[in-house]
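Working notes, beginning with the structure itself.
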Amino acid sequence: MSIVVFDPDSVEDVDFAERMRHPAAADPAGGMWLSDTEPSFIDADALRKGRLAKLRAWMREAGYGGVVLFDPYNQRYATGSRNMFGYFLRNSTRYFFIPTEGPIVLFEYPQSYHVSMVLDTVDEARPSKLVWSSVSGRDDETAGPFADEIADLLRTHGGGSMKLGLDRCSHLQALALEKRGCEVKDCQGEILAVRAVKTPEEIKCLQVSMAGAEAAVAAVREAIKPGVSENDLFAIMYHEVIRQGGEFIETRLLSSGQRTNPWFNEASGRKIRPGELVALDTDTIGCYGYYSDFSRTFRCGPGKPTAYQKSLYRMAHDQVQHNIGIVKPGMEFREIAEKAWKIPERFVDQRYTSVMHGVGMHGETPFIAHSMDYATYGRDGVLLPGMVVSVESYIGEKGGREGVKLEDEILITETGTELLSRFPYEDEFLDGQA
(Lines give C-alpha, C1' and ligand atoms only; values in the text may rest on other atoms or scores of the structure.)
Protein backbone atom coordinates (compact mmCIF):
# COMPACT_ATOMS: atom_id res chain seq x y z
CA MET A 1 0.00 0.00 0.00
CA SER A 2 1.54 3.31 -1.09
CA ILE A 3 1.37 6.38 1.11
CA VAL A 4 0.57 9.69 -0.53
CA VAL A 5 2.45 12.57 1.04
CA PHE A 6 0.39 15.75 0.82
CA ASP A 7 2.25 19.04 0.58
CA PRO A 8 0.01 21.85 1.91
CA ASP A 9 2.24 24.46 0.23
CA SER A 10 1.91 22.94 -3.24
CA VAL A 11 0.05 24.90 -5.89
CA GLU A 12 0.28 22.21 -8.56
CA ASP A 13 -3.47 21.64 -8.41
CA VAL A 14 -4.28 25.33 -8.91
CA ASP A 15 -5.59 25.91 -12.40
CA PHE A 16 -4.25 29.38 -13.08
CA ALA A 17 -5.32 29.29 -16.75
CA GLU A 18 -8.98 28.92 -15.85
CA ARG A 19 -8.51 30.97 -12.67
CA MET A 20 -10.52 28.42 -10.68
CA ARG A 21 -13.69 30.38 -11.35
CA HIS A 22 -16.74 29.45 -9.37
CA PRO A 23 -19.65 28.15 -11.48
CA ALA A 24 -21.72 31.12 -10.27
CA ALA A 25 -19.22 33.55 -11.81
CA ALA A 26 -20.85 33.56 -15.22
CA ASP A 27 -18.90 36.61 -16.35
CA PRO A 28 -15.54 35.30 -17.64
CA ALA A 29 -13.99 38.70 -16.96
CA GLY A 30 -14.62 38.21 -13.27
CA GLY A 31 -17.16 40.98 -12.84
CA MET A 32 -19.50 38.89 -10.68
CA TRP A 33 -18.81 38.57 -6.97
CA LEU A 34 -19.51 35.26 -5.30
CA SER A 35 -22.00 36.47 -2.72
CA ASP A 36 -25.61 37.56 -2.51
CA THR A 37 -24.90 40.20 0.12
CA GLU A 38 -23.45 42.80 -2.28
CA PRO A 39 -25.91 44.81 -4.39
CA SER A 40 -25.89 44.22 -8.11
CA PHE A 41 -25.91 47.92 -8.97
CA ILE A 42 -22.23 48.12 -7.94
CA ASP A 43 -19.96 47.08 -10.81
CA ALA A 44 -17.42 44.99 -8.89
CA ASP A 45 -15.17 44.68 -11.93
CA ALA A 46 -15.04 48.47 -12.38
CA LEU A 47 -14.54 48.89 -8.63
CA ARG A 48 -11.43 46.69 -8.59
CA LYS A 49 -9.95 47.96 -11.84
CA GLY A 50 -10.51 51.61 -10.95
CA ARG A 51 -8.68 51.30 -7.64
CA LEU A 52 -5.81 49.30 -9.12
CA ALA A 53 -5.37 51.86 -11.91
CA LYS A 54 -5.10 54.66 -9.33
CA LEU A 55 -2.54 52.71 -7.32
CA ARG A 56 -0.39 51.96 -10.34
CA ALA A 57 -0.56 55.53 -11.62
CA TRP A 58 0.93 56.67 -8.29
CA MET A 59 3.60 53.94 -8.45
CA ARG A 60 4.70 55.06 -11.91
CA GLU A 61 4.82 58.70 -10.88
CA ALA A 62 6.82 57.89 -7.74
CA GLY A 63 9.26 55.61 -9.56
CA TYR A 64 8.37 52.36 -7.79
CA GLY A 65 9.16 49.08 -9.48
CA GLY A 66 6.68 47.37 -7.21
CA VAL A 67 5.03 47.28 -3.80
CA VAL A 68 4.53 44.50 -1.29
CA LEU A 69 1.24 44.81 0.58
CA PHE A 70 0.78 43.16 3.98
CA ASP A 71 -2.07 45.37 5.21
CA PRO A 72 -5.40 43.59 4.46
CA TYR A 73 -7.08 46.93 3.76
CA ASN A 74 -4.48 47.81 1.12
CA GLN A 75 -4.66 44.30 -0.33
CA ARG A 76 -8.39 44.65 -0.72
CA TYR A 77 -8.08 48.13 -2.21
CA ALA A 78 -5.55 46.98 -4.80
CA THR A 79 -7.14 43.66 -5.78
CA GLY A 80 -10.54 43.17 -4.13
CA SER A 81 -9.14 40.11 -2.37
CA ARG A 82 -10.26 39.26 1.15
CA ASN A 83 -9.31 36.22 3.20
CA MET A 84 -9.67 35.74 6.99
CA PHE A 85 -9.55 39.50 7.35
CA GLY A 86 -9.36 39.77 11.13
CA TYR A 87 -6.67 37.11 11.35
CA PHE A 88 -4.40 38.88 8.89
CA LEU A 89 -4.86 42.23 10.62
CA ARG A 90 -2.59 40.81 13.32
CA ASN A 91 -0.57 38.28 11.32
CA SER A 92 1.58 39.68 8.50
CA THR A 93 1.92 36.33 6.78
CA ARG A 94 -0.23 36.94 3.69
CA TYR A 95 1.13 39.43 1.16
CA PHE A 96 0.88 40.64 -2.43
CA PHE A 97 3.60 41.64 -4.87
CA ILE A 98 2.23 44.28 -7.21
CA PRO A 99 4.53 45.58 -9.96
CA THR A 100 3.88 48.85 -11.74
CA GLU A 101 3.35 46.73 -14.85
CA GLY A 102 3.03 42.96 -14.98
CA PRO A 103 1.49 40.05 -13.08
CA ILE A 104 0.15 40.46 -9.55
CA VAL A 105 1.32 37.64 -7.29
CA LEU A 106 -0.45 36.64 -4.09
CA PHE A 107 1.54 34.83 -1.40
CA GLU A 108 -1.29 33.02 0.31
CA TYR A 109 -2.10 31.01 3.39
CA PRO A 110 -1.95 27.25 2.55
CA GLN A 111 -5.11 25.63 1.18
CA SER A 112 -6.89 28.92 0.55
CA TYR A 113 -5.61 29.89 -2.90
CA HIS A 114 -9.07 29.38 -4.41
CA VAL A 115 -10.53 32.24 -2.35
CA SER A 116 -8.81 34.89 -4.48
CA MET A 117 -8.11 33.15 -7.76
CA VAL A 118 -11.64 33.96 -8.90
CA LEU A 119 -10.48 37.57 -9.26
CA ASP A 120 -9.01 38.87 -12.49
CA THR A 121 -6.82 41.23 -10.47
CA VAL A 122 -4.81 38.26 -9.12
CA ASP A 123 -2.61 36.56 -11.71
CA GLU A 124 -0.84 33.95 -9.61
CA ALA A 125 -0.90 32.47 -6.12
CA ARG A 126 2.14 31.07 -4.36
CA PRO A 127 2.58 29.73 -0.83
CA SER A 128 3.56 32.39 1.69
CA LYS A 129 7.10 32.12 2.95
CA LEU A 130 6.10 33.61 6.29
CA VAL A 131 3.21 31.39 7.44
CA TRP A 132 3.75 30.33 11.06
CA SER A 133 7.29 31.78 11.09
CA SER A 134 6.71 34.08 14.06
CA VAL A 135 4.65 31.45 15.90
CA SER A 136 7.42 28.87 15.58
CA GLY A 137 10.22 31.38 16.19
CA ARG A 138 11.62 31.02 12.68
CA ASP A 139 11.55 34.65 11.53
CA ASP A 140 15.32 34.64 10.99
CA GLU A 141 15.04 31.57 8.77
CA THR A 142 12.12 32.81 6.64
CA ALA A 143 13.29 36.38 5.96
CA GLY A 144 15.91 35.21 3.46
CA PRO A 145 13.67 33.05 1.25
CA PHE A 146 10.98 35.74 1.40
CA ALA A 147 13.43 38.40 0.21
CA ASP A 148 14.93 36.14 -2.50
CA GLU A 149 11.52 35.65 -4.08
CA ILE A 150 10.43 39.30 -3.89
CA ALA A 151 13.77 40.64 -5.17
CA ASP A 152 13.60 38.22 -8.11
CA LEU A 153 10.08 39.39 -8.98
CA LEU A 154 11.18 43.02 -8.74
CA ARG A 155 14.16 42.46 -11.06
CA THR A 156 11.90 40.64 -13.53
CA HIS A 157 8.84 42.92 -13.49
CA GLY A 158 10.02 46.21 -11.98
CA GLY A 159 10.78 47.88 -15.30
CA GLY A 160 14.39 48.48 -14.26
CA SER A 161 13.52 50.07 -10.91
CA MET A 162 14.56 48.40 -7.66
CA LYS A 163 12.53 50.85 -5.57
CA LEU A 164 10.15 48.74 -3.50
CA GLY A 165 7.31 49.99 -1.31
CA LEU A 166 6.32 48.14 1.88
CA ASP A 167 3.20 49.11 3.80
CA ARG A 168 4.15 47.09 6.90
CA CYS A 169 6.42 44.19 7.76
CA SER A 170 9.09 43.06 10.20
CA HIS A 171 12.41 44.90 10.12
CA LEU A 172 14.03 41.50 9.41
CA GLN A 173 12.26 41.30 6.06
CA ALA A 174 13.10 44.90 5.17
CA LEU A 175 16.79 44.37 5.96
CA ALA A 176 16.85 41.15 3.96
CA LEU A 177 15.37 42.95 0.93
CA GLU A 178 17.95 45.72 1.19
CA LYS A 179 20.75 43.14 1.25
CA ARG A 180 19.43 41.86 -2.09
CA GLY A 181 19.61 45.25 -3.77
CA CYS A 182 16.10 46.60 -3.14
CA GLU A 183 15.60 50.25 -2.28
CA VAL A 184 13.01 49.78 0.46
CA LYS A 185 10.53 52.57 1.24
CA ASP A 186 7.67 52.79 3.74
CA CYS A 187 4.72 53.52 1.43
CA GLN A 188 1.77 53.29 3.83
CA GLY A 189 1.22 57.05 3.96
CA GLU A 190 1.52 57.37 0.19
CA ILE A 191 -1.05 54.62 -0.37
CA LEU A 192 -3.48 56.27 2.04
CA ALA A 193 -3.12 59.49 0.02
CA VAL A 194 -3.98 57.54 -3.16
CA ARG A 195 -7.03 56.08 -1.43
CA ALA A 196 -8.27 59.46 -0.15
CA VAL A 197 -10.14 60.42 -3.33
CA LYS A 198 -12.83 57.87 -4.10
CA THR A 199 -13.86 56.47 -7.48
CA PRO A 200 -17.57 56.59 -8.46
CA GLU A 201 -17.96 52.90 -7.62
CA GLU A 202 -16.37 53.43 -4.21
CA ILE A 203 -18.91 56.15 -3.44
CA LYS A 204 -21.71 53.70 -4.26
CA CYS A 205 -20.13 51.22 -1.83
CA LEU A 206 -20.00 53.88 0.88
CA GLN A 207 -23.66 54.73 0.31
CA VAL A 208 -24.89 51.16 0.57
CA SER A 209 -22.62 50.50 3.57
CA MET A 210 -24.19 53.51 5.26
CA ALA A 211 -27.70 52.20 4.61
CA GLY A 212 -26.78 49.02 6.52
CA ALA A 213 -25.25 50.96 9.41
CA GLU A 214 -28.33 53.17 9.66
CA ALA A 215 -30.54 50.08 9.85
CA ALA A 216 -28.37 48.79 12.71
CA VAL A 217 -28.67 52.07 14.63
CA ALA A 218 -32.43 52.08 14.10
CA ALA A 219 -32.58 48.60 15.65
CA VAL A 220 -30.59 49.82 18.66
CA ARG A 221 -32.80 52.88 19.10
CA GLU A 222 -35.90 50.68 19.07
CA ALA A 223 -34.45 48.34 21.71
CA ILE A 224 -33.46 50.95 24.29
CA LYS A 225 -35.51 50.43 27.47
CA PRO A 226 -34.87 50.23 31.22
CA GLY A 227 -32.95 47.09 32.21
CA VAL A 228 -31.39 46.35 28.84
CA SER A 229 -27.59 46.20 28.96
CA GLU A 230 -25.03 47.95 26.79
CA ASN A 231 -23.91 44.52 25.58
CA ASP A 232 -27.49 43.64 24.66
CA LEU A 233 -27.69 46.76 22.49
CA PHE A 234 -24.28 46.17 20.94
CA ALA A 235 -25.31 42.60 20.05
CA ILE A 236 -28.45 43.95 18.36
CA MET A 237 -26.34 46.41 16.41
CA TYR A 238 -23.83 43.75 15.33
CA HIS A 239 -26.58 41.35 14.33
CA GLU A 240 -28.16 43.93 12.04
CA VAL A 241 -24.82 44.91 10.51
CA ILE A 242 -24.21 41.29 9.50
CA ARG A 243 -27.80 40.81 8.36
CA GLN A 244 -27.43 43.86 6.09
CA GLY A 245 -24.36 42.37 4.38
CA GLY A 246 -21.76 44.10 6.54
CA GLU A 247 -18.64 42.43 7.88
CA PHE A 248 -17.58 43.67 11.31
CA ILE A 249 -17.49 46.63 13.70
CA GLU A 250 -14.04 48.03 14.45
CA THR A 251 -14.85 49.29 17.95
CA ARG A 252 -17.34 48.67 20.77
CA LEU A 253 -18.23 52.33 21.35
CA LEU A 254 -21.66 52.07 22.92
CA SER A 255 -22.08 53.42 26.45
CA SER A 256 -24.77 54.71 28.78
CA GLY A 257 -25.33 57.02 31.73
CA GLN A 258 -22.15 58.06 33.52
CA ARG A 259 -20.11 55.87 31.17
CA THR A 260 -20.83 58.36 28.36
CA ASN A 261 -18.42 60.76 30.11
CA PRO A 262 -15.62 60.78 29.14
CA TRP A 263 -16.00 59.31 25.67
CA PHE A 264 -14.35 56.05 24.48
CA ASN A 265 -15.79 53.70 27.10
CA GLU A 266 -16.73 50.49 25.30
CA ALA A 267 -19.87 48.38 25.71
CA SER A 268 -20.22 46.53 29.01
CA GLY A 269 -22.79 44.57 30.95
CA ARG A 270 -24.09 47.74 32.60
CA LYS A 271 -27.91 47.92 32.77
CA ILE A 272 -29.52 51.11 31.50
CA ARG A 273 -31.84 53.07 33.75
CA PRO A 274 -34.72 55.42 32.87
CA GLY A 275 -33.68 58.92 31.88
CA GLU A 276 -30.09 58.02 30.98
CA LEU A 277 -28.30 58.83 27.75
CA VAL A 278 -27.12 56.07 25.41
CA ALA A 279 -24.37 57.06 22.96
CA LEU A 280 -22.81 55.06 20.12
CA ASP A 281 -20.39 55.29 17.22
CA THR A 282 -21.00 52.92 14.29
CA ASP A 283 -17.38 52.30 13.08
CA THR A 284 -18.80 49.65 10.76
CA ILE A 285 -17.07 47.80 7.95
CA GLY A 286 -19.99 47.24 5.62
CA CYS A 287 -20.66 46.19 2.04
CA TYR A 288 -17.53 45.45 -0.04
CA GLY A 289 -15.41 46.39 2.96
CA TYR A 290 -16.37 50.07 3.06
CA TYR A 291 -16.62 52.01 6.29
CA SER A 292 -19.66 53.74 7.77
CA ASP A 293 -18.93 56.17 10.55
CA PHE A 294 -21.58 58.25 12.24
CA SER A 295 -22.60 58.74 15.88
CA ARG A 296 -25.86 59.32 17.68
CA THR A 297 -26.97 59.80 21.28
CA PHE A 298 -30.38 58.67 22.53
CA ARG A 299 -32.26 58.75 25.84
CA CYS A 300 -33.86 55.88 27.70
CA GLY A 301 -37.48 56.67 28.56
CA PRO A 302 -39.92 57.29 30.02
CA GLY A 303 -40.08 61.01 30.64
CA LYS A 304 -38.30 63.89 28.96
CA PRO A 305 -34.67 65.04 28.72
CA THR A 306 -33.31 67.28 31.44
CA ALA A 307 -32.29 70.83 30.65
CA TYR A 308 -28.63 69.79 31.02
CA GLN A 309 -29.01 66.88 28.60
CA LYS A 310 -30.64 69.22 26.09
CA SER A 311 -27.85 71.76 26.39
CA LEU A 312 -25.18 69.11 25.76
CA TYR A 313 -27.05 67.76 22.76
CA ARG A 314 -27.68 71.18 21.25
CA MET A 315 -24.01 72.10 21.48
CA ALA A 316 -22.93 68.85 19.86
CA HIS A 317 -25.52 69.35 17.12
CA ASP A 318 -24.38 72.94 16.58
CA GLN A 319 -20.75 71.82 16.33
CA VAL A 320 -21.48 69.22 13.65
CA GLN A 321 -23.77 71.47 11.64
CA HIS A 322 -21.41 74.46 11.78
CA ASN A 323 -18.42 72.39 10.67
CA ILE A 324 -20.34 70.78 7.81
CA GLY A 325 -21.46 74.24 6.78
CA ILE A 326 -17.96 75.68 6.40
CA VAL A 327 -16.63 72.83 4.25
CA LYS A 328 -16.09 73.28 0.51
CA PRO A 329 -13.82 71.73 -2.11
CA GLY A 330 -10.39 73.31 -2.36
CA MET A 331 -10.41 74.37 1.29
CA GLU A 332 -7.12 73.94 3.16
CA PHE A 333 -7.13 71.72 6.25
CA ARG A 334 -5.66 74.50 8.37
CA GLU A 335 -8.43 76.89 7.31
CA ILE A 336 -11.05 74.35 8.37
CA ALA A 337 -9.39 74.06 11.78
CA GLU A 338 -9.35 77.83 12.20
CA LYS A 339 -12.99 78.31 11.14
CA ALA A 340 -14.34 75.33 13.08
CA TRP A 341 -16.96 75.76 15.81
CA LYS A 342 -15.41 77.20 18.95
CA ILE A 343 -15.70 74.74 21.81
CA PRO A 344 -16.82 76.36 25.11
CA GLU A 345 -13.97 76.42 27.62
CA ARG A 346 -15.43 73.89 30.06
CA PHE A 347 -15.68 71.26 27.30
CA VAL A 348 -12.22 71.76 25.78
CA ASP A 349 -10.39 69.22 27.96
CA GLN A 350 -12.58 66.35 26.75
CA ARG A 351 -12.93 67.46 23.12
CA TYR A 352 -13.00 64.83 20.40
CA THR A 353 -9.59 64.10 18.88
CA SER A 354 -10.36 65.73 15.50
CA VAL A 355 -12.66 68.19 13.78
CA MET A 356 -13.16 65.64 11.00
CA HIS A 357 -11.36 62.68 9.46
CA GLY A 358 -11.35 60.75 6.21
CA VAL A 359 -13.49 57.68 5.55
CA GLY A 360 -12.99 54.88 3.04
CA MET A 361 -12.24 51.29 3.98
CA HIS A 362 -11.67 52.54 7.54
CA GLY A 363 -10.90 55.86 9.22
CA GLU A 364 -8.44 57.35 6.73
CA THR A 365 -6.70 60.45 5.43
CA PRO A 366 -7.32 63.36 5.82
CA PHE A 367 -7.12 63.94 9.56
CA ILE A 368 -8.07 67.52 10.42
CA ALA A 369 -7.05 68.49 13.92
CA HIS A 370 -8.51 71.23 16.11
CA SER A 371 -6.66 74.55 15.78
CA MET A 372 -5.33 74.16 19.34
CA ASP A 373 -3.88 70.77 18.41
CA TYR A 374 -2.66 71.62 14.92
CA ALA A 375 1.02 71.94 15.80
CA THR A 376 0.92 68.44 17.32
CA TYR A 377 -1.48 66.46 15.12
CA GLY A 378 -2.25 68.61 12.09
CA ARG A 379 -0.90 68.35 8.59
CA ASP A 380 -1.32 70.55 5.56
CA GLY A 381 -3.54 69.55 2.68
CA VAL A 382 -6.60 70.45 0.64
CA LEU A 383 -10.10 68.96 0.54
CA LEU A 384 -10.71 67.51 -2.92
CA PRO A 385 -13.90 66.36 -4.65
CA GLY A 386 -14.30 62.65 -4.04
CA MET A 387 -13.00 62.74 -0.49
CA VAL A 388 -15.35 61.49 2.22
CA VAL A 389 -15.05 62.76 5.80
CA SER A 390 -16.83 62.23 9.10
CA VAL A 391 -17.50 65.41 11.06
CA GLU A 392 -17.11 64.80 14.81
CA SER A 393 -18.43 66.16 18.08
CA TYR A 394 -18.20 65.09 21.69
CA ILE A 395 -19.56 67.43 24.35
CA GLY A 396 -18.96 66.45 27.95
CA GLU A 397 -17.29 68.41 30.72
CA LYS A 398 -14.67 67.03 33.04
CA GLY A 399 -16.47 65.59 36.06
CA GLY A 400 -19.84 65.92 34.31
CA ARG A 401 -22.51 63.29 34.75
CA GLU A 402 -23.03 62.50 31.03
CA GLY A 403 -21.80 63.43 27.57
CA VAL A 404 -23.19 63.56 24.03
CA LYS A 405 -21.54 62.07 20.93
CA LEU A 406 -22.76 63.12 17.45
CA GLU A 407 -21.13 62.68 14.05
CA ASP A 408 -22.10 62.76 10.39
CA GLU A 409 -20.43 61.51 7.21
CA ILE A 410 -20.25 63.72 4.11
CA LEU A 411 -18.97 63.48 0.54
CA ILE A 412 -16.98 66.40 -0.87
CA THR A 413 -18.43 67.20 -4.30
CA GLU A 414 -17.37 69.58 -7.08
CA THR A 415 -19.70 72.25 -5.73
CA GLY A 416 -19.97 71.57 -1.99
CA THR A 417 -20.95 68.58 0.13
CA GLU A 418 -23.46 65.75 0.15
CA LEU A 419 -24.71 64.18 3.37
CA LEU A 420 -24.17 60.40 3.37
CA SER A 421 -25.44 59.68 6.90
CA ARG A 422 -29.13 60.49 7.05
CA PHE A 423 -30.16 59.07 10.40
CA PRO A 424 -32.32 61.74 12.06
CA TYR A 425 -31.43 63.66 15.18
CA GLU A 426 -33.64 63.40 18.28
CA ASP A 427 -36.41 66.01 18.27
CA GLU A 428 -36.87 65.73 22.03
CA PHE A 429 -33.42 67.25 22.57
CA LEU A 430 -33.85 70.01 19.98
CA ASP A 431 -37.52 70.89 20.55
CA GLY A 432 -38.31 69.97 16.95
CA GLN A 433 -35.63 72.25 15.48
CA ALA A 434 -33.43 69.51 13.92
Taking atom CD as the centre, does E266 end up with more than 12 heavy-atom neighbours from other residues, nucleotides or ligands that are less than 6.0 angstrom away? yes
Quick one: CG on D186 to CD1 on I191, what's the gap to the nearest 0.5 Å? 9.0 Å
Run through K271, K225, R259, R270 and flag the one making a salt bridge (charged side-chain N to carboxylate O under 4.0 Å, His left out) with E276. R270
Is the backbone N or O of I285 less than 3.5 Å from a side-chain atom of H362, with the two atoms forming a donor-acceptor pair by type? no
What distance do M331 atom CE and I336 atom CD1 have between them, rounded to the nearest 0.5 Å? 5.0 Å
Quick one: does H357's side chain get under 4.5 Å of D293's, heavy atoms only? yes
Is it the case that the side chains of D408 and Y425 hold a donor-acceptor pair, with the cut-off being a distance below 3.5 Å and no angle test? yes
Evaluate S255 against N265 for side chain to side chain donor-acceptor pair (under 3.5 Å), listing each step before the verdict. CA-CA 6 Å; S255 56; N265 284 310; 5.7 Å; no
S209 side chain to L206 backbone, donor-acceptor under 3.5 Å: no
Decide, yes or no, whether a salt bridge links R252 with E230 under the criterion of side-chain N to carboxylate O below 4.0 Å. no
Working to the nearest 0.5 angstrom, can you tell me the gap between L69 CG and L55 CG? 6.5 Å
Is any side-chain heavy atom of R351 closer than 4.5 Å to a side-chain heavy atom of D373? yes
Are any non-hydrogen side-chain atoms of C205 and L47 less than 4.5 angstrom apart? yes
Which of R56, E190, K185 passes side-chain hydrogen bond (donor to acceptor under 3.5 Å, both in side chains) with Y64? Answer is E190
Non-hydrogen side-chain atoms of R401 and N261 separated by less than 4.5 Å: no
Can we say R299 and E402 salt-bridge, meaning some charged N sits less than 4.0 Å from an Asp/Glu carboxylate O? no
Y313 to T297 - nearest heavy-atom pair and separation: CE1-O, 3.4 Å
Proximity of Y238 and F248 rings by center, below 6.0 Å: no
Report yes if the side chains of V67 and D167 come closer than 4.5 Å at any heavy-atom pair, otherwise no. no
Look at the side chain of T121 and the backbone N and O of L119, then say whether any donor-acceptor pair between them is shorter than 3.5 Å. no
Aromatic contact, Y95 with F146 (centres under 6.0 Å): yes
Charged N to carboxylate O under 4.0 angstrom, D43 versus K49? no
Does atom CZ of R168 have more than 12 heavy-atom neighbours, drawn from other residues, nucleotides or ligands, at distances under 6.0 Å? yes
If I compare all heavy atoms of I249 with all of V241, which pair ends up nearest, and what's the gap? CD1-CG2, 4.1 Å
Under 4.0 Å between a Lys/Arg side-chain N and an Asp/Glu carboxylate O for R48 and E201? no
Looking only at atom types and distance, does a side-chain atom of E202 sit under 3.5 Å from a main-chain N or O of G50, one as donor and one as acceptor? no
Student check: side-chain heavy atoms of Y77 and L192 closer than 4.5 Å: no
Does G396 offer a backbone N or O that forms a donor-acceptor pair with the side chain of Q350 under 3.5 Å? yes
Are a donor atom and an acceptor atom from the side chains of N83 and Q75 found within less than 3.5 Å of each other? no
Are the side chain of K54 and the backbone N or O of V194 linked by a donor-acceptor pair below 3.5 Å? yes
Calculate, to the nearest 0.5 Å, the distance between atoms CD and CZ belonging to Q258 and R273 respectively. 10.0 Å
Take E407 and S295, measure what side chain to side chain donor-acceptor pair (under 3.5 Å) needs, and give me the verdict at the end. CA-CA 5 Å; E407 174 188 19; S295 301; 2.7 Å; yes
Can you tell me if S128 uses its side chain to pair, donor with acceptor, with the backbone of T93 under 3.5 Å? yes
For R60, does the CZ atom sit with more than 12 other heavy atoms under 6.0 Å from it, leaving out its own atoms? yes
Heavy-atom side-chain proximity of S116 to T79 below 4.5 angstrom: no
Is D71 salt-bridged to R76, going by a charged N under 4.0 Å from an acidic O? no
Quick one: are S81 and R94 in side-chain contact, heavy atoms under 4.5 Å? yes
Could you walk me through whether Y352 and F264 pass the ring-ring contact (aromatic ring centres under 6.0 Å, His included) check? CA-CA 10 Å; Y352 195 76; F264 287 115; 5.7 Å; yes
Side-chain (R296) to main-chain (F423) donor-acceptor, under 3.5 angstrom: yes
To check you understand the geometry: which heavy-atom pair defines the closest contact between M361 and Y288, and what is its length? CE-O, 4.4 Å
What is the minimum heavy-atom distance between M117 and D123, and which atoms define it? CE-O, 4.0 Å
Check E392 with K405, please: is the shortest side-chain N to carboxylate O separation under 4.0 Å? yes
Quick check: closest heavy atoms across T353 and F367, and the distance to 0.1 Å? O-CZ, 3.3 Å
On a heavy-atom basis, which atom in S354 and which in I368 lie closest, and how many Å separate them? CB-O, 3.5 Å
Is any NZ, NE, NH1 or NH2 atom of the basic residue among E364 and K198 found under 4.0 Å from an Asp or Glu carboxylate oxygen of the other? yes
Side-chain (S292) to main-chain (M210) donor-acceptor, under 3.5 angstrom: yes
Hey, is R126 close enough to E149 for a salt bridge, meaning N to O under 4.0 Å? yes
